[in-house]
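Heads up: the structure comes next, in C-alpha cells.
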There are 2 protein chains.
Amino acid sequence: MRPSKRDELVQEALKVFYQNGFTATGMDMLVKKTGISKTSMYKHFRTKDDLILAVLRLRDEQLRNWFFRRVEELASSPLGQLLAVFDVLEEWFQQPDFQGCMFIKASSEFQCVDDPIYNQCTEHKKLMFNSVLKIVRELETDSGKLSPEIAEKLTRQLFLLKEGAIVLKHMRVSGSAGLEAKEAAVSLLQANGIRNV
Amino acid sequence: MRPSKRDELVQEALKVFYQNGFTATGMDMLVKKTGISKTSMYKHFRTKDDLILAVLRLRDEQLRNWFFRRVEELASSPLGQLLAVFDVLEEWFQQPDFQGCMFIKASSEFQCVDDPIYNQCTEHKKLMFNSVLKIVRELETDSGKLSPEIAEKLTRQLFLLKEGAIVLKHMRVSGSAGLEAKEAAVSLLQANGIRNV
DNA sequence: AACTAAGTGTACCGATCAGTAAGTATTGAT
DNA sequence: ATCAATACTTACTGATCGGTACACTTAGTT
C-alpha cells in the first residue's frame, strides 16, 4: 500500500489550516510548509476547496475516534462515560496546540448554507451529538431508562455545555472550561433524576 | 456634527464582514458595496485591520446595548432577567440575518494571541460575562445572596450554555438552541438553590 | 473670492491569489 | 532494461490582494 504523498499532504495541510485559518492560508504557503509541489497537490485535489474537504474528513475521523476511545478508556458505565466526556474535553484543551474546534472555525469562514464545507462541518457536529446521545440513552434513573424525548433534550443541553466550553476556552475567557462544563453537567444529570451521580 | 462617511462606512462594513467573513472580504468589495471611495476609506483608517477593529467596536456597543436593554424590558427581578437572557438570545437567533457571533468568527480568523483583533474579541466576551455576573449576584436563595464564588461559578456555567447555543444555532445543529439553553439554565438555577425559579 | 475639509475617480504599486503548462527526475513492478 | 506512475522544478496565467499617488469636485466658512 501507499503511505502516499496524498495522505501526507492532507495531514500537514490540517495543521496549517488549523493554526492559520483556511482563507488566510494560500496554496503557496502549503507548498512551503509541506515541501510538496503544487503540481502534485493539484493532481490529488482539483481545487483548494476539495483539499479543505479532505482535511475536514480526516479531522472528523481523527477527533471522533480519539475522543470516544478516550471516553471508553476512562469509564465503562454510561454515567461514568458521560462525565468522562468532559474530562476528555479538558484533556483536549490542555494539548499545547489546541486552537479551538476546526469545524466551528471552518463554518465561520464558509457560512453559505449550500457550501459543501459548511455542510461537512454541521455533519461532524451531528455525528458527535449522536455519539453522546447513544450514551445518554443507556443512563439509569430510579424508574429505568429515560424516555426518548427526555434523553434527546438532556443530550442537547449537555451538548450546549460542550460547545460553549470549546468556544470559551479558545477565546481564553475561561481557563478551565472543561471542568466547569462537567460541574454543570452533573447538575443537569441530577435534575433529570439520573442515579448515583 | 457630522453624521459622517466614517460612521456610514463602519456600519456597512459591519454587514459585509458579518455575512462574508473578514479575510474573504477585500477592500475593493467594500468599495463596491458601500459606494465609498477607497481613498476616503484609507483617510479614515490606516489599514484594513484598523477598520475591522472599528467594526468590532461598533458591534460590541450595538450588541451589548441591545441585548441588555431587551433583557430589562422583559423582566425586572434578577431571576426574571436571568431567564430573559435566554429569551433575548432566542430573539437574536430568529432575526433573519443572524449569522452567528461576530466575535467568535473574528477570533476564528485572527487567532494569534497578540493580535489586537483577537484581543478585542475576548474583551467583548468578558464584558458580556460581567453583565451576566452582575445579575447573578442579585439572585436570592433561601439563605440570602449567593457567595461570590458560587455566583461566579454559576455565571460561568450559564455562559457556557449561552455560547454553546450561539454556535449550535449558527451551525444549524439545533433549531431552538435558545430555548434549550433556557431549560438547562432553569435546572442550574434550581441546583444552586435559587428561589422561585 | 479665497481657502479649507472631505469627498471622488482612475490608475497604479508589488505581492499574492488559485490554478495550469511543459519538461524532467525518481521510483517500483515486470 | 523497460515502462508507467508519481512527483518534481520552473515558469506562467489573469485576477485579486492591501495600499498609494494624483488630480479633481464639492460644500461650508470667512
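A, B, ... follow the sequence lines: proteins, then strands. Residue 1 opens every chain.
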Side chain to side chain donor-acceptor pair (under 3.5 Å) partners of residues 131-141 of chain B, not counting sequence neighbours, each pair once: B:Thr141-B:Ser143
Does a salt bridge link [X] with [Y], judged by any charged N lying under 4.0 Å from a carboxylate O?
{"X": "A:Lys33", "Y": "A:Glu12", "answer": "no"}
{"X": "B:Arg70", "Y": "B:Glu91", "answer": "yes"}
{"X": "A:Arg64", "Y": "A:Asp60", "answer": "yes"}
{"X": "A:Lys125", "Y": "A:Glu163", "answer": "yes"}

Rounding to a whole Å, what distance do you find between [X]:[atom1] and [N]:[atom2]?
{"X": "A:Met41", "N": "C:dC17", "atom1": "CE", "atom2": "C1'", "answer": "14 Å"}
{"X": "A:His44", "N": "C:dA18", "atom1": "NE2", "atom2": "C1'", "answer": "18 Å"}
{"X": "B:Lys43", "N": "D:dT26", "atom1": "NZ", "atom2": "P", "answer": "16 Å"}
{"X": "A:Ile52", "N": "C:dC17", "atom1": "CD1", "atom2": "P", "answer": "13 Å"}

Shortest non-hydrogen contact from A:Gln19 toward A:Asp97: NE2-O, 3.3 Å
Heavy-atom pair with the smallest gap, counting every atom of B:Ile36 and B:Ser40: CG2-CB, 4.0 Å
Heavy-atom side-chain proximity of A:His44 to A:Asp50 below 4.5 angstrom: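 With C-beta onward as the side chain, the pair stays apart.
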Side-chain touch A:Phe68/A:Val88, heavy atoms, less than 4.5 angstrom: no
DNA chain C-proximal residues of residues 30-37 of chain B, any heavy atom under 4.0 Å: B:Gly35, B:Ile36, B:Ser37
Nucleic acid contacts - residues 108-116 of chain B versus DNA chain C, non-hydrogen atoms under 4.0 Å: none
Within the 6.0 Å centroid threshold, strictly below: B:Phe22 and B:Phe17: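 Here the rings of B:Phe17 and B:Phe22 have centres that are less than 6.0 Å from each other.
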Extract from the structure each pairing of a protein N or O with an N or O of nucleotides 11-20 of chain D at less than 3.5 Å, listing the distance.
| from | atom 1 | to | atom 2 | distance (Å) |
| --- | --- | --- | --- | --- |
| D:dG18 | OP1 | B:Lys48 | NZ | 2.5 |
| D:dG18 | OP2 | B:Met27 | N | 2.8 |
| D:dG19 | OP2 | B:Tyr42 | OH | 3.0 |
| D:dG19 | OP2 | B:Lys48 | N | 2.6 |
| D:dG19 | N7 | B:Lys38 | NZ | 3.0 |
| D:dG19 | O6 | B:Lys38 | NZ | 2.5 |

Pi-cation contact, A:Tyr18 with A:Lys105 (under 6.0 Å, within 45°): yes
Ring geometry between A:His124 and A:Phe103 (parallel below 30°, tilted from 30 to 60°, perpendicular above 60°):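 Parallel: the ring planes of A:Phe103 and A:His124 meet at under 30°.
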Difference in axis direction between the ends of the helix from C:dA1-D:dT30 to C:dT30-D:dA1, five pairs, 10°: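 It comes to 10° between the two terminal axes.
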Pairs meeting criterion ring-ring contact (aromatic ring centres under 6.0 Å, His included) with involvement of residues 126-169 of chain B, two or more places apart: B:Phe129-B:Phe159
